[in-house]
Amino acid sequence: MSLYELGLKRETIYAIYQFIEWLMELPDALEEKLYQEIREEEDEEMSLLTIAEKKGMEKGLQQIEIHA
């Protein structure tokens, strides 16, 4: 059951994910798995979350390094 199905709002879900990331740092493999699960549960109302933002920034930095 997803957090949306429990009736939680986007802001609440975002705060939960932020708290989890503040509380503990995941190894890269688990962070990637969580990122994939978050992406699967995202819907039109949910913007990308902190892990997704990190992944996007990493990809952007890699592109900059390639073109530099």
Undergrad: Got a second to check how far Met24's CE is from Leu30's CG, nearest 0.5 Å?
TA: 7.5 Å

Undergrad: Using the side chain to side chain contact (heavy atoms under 4.5 Å, CB included) criterion, which residues pair with Glu31? Sequence neighbours excluded.
TA: Leu26, Ile51, Lys54, Lys55

Undergrad: Name all residues meeting the side chain to side chain contact (heavy atoms under 4.5 Å, CB included) criterion together with Lys9; count only those two or more places apart in sequence or in a different chain, and write none if there are none.
TA: Glu11, Thr12

Undergrad: Evaluate the side-chain proximity of Phe19 to Trp22: yes if any heavy-atom separation is below 4.5 Å, no if none is.
TA: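 In short, these two side chains touch, coming nearer than 4.5 Å.
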
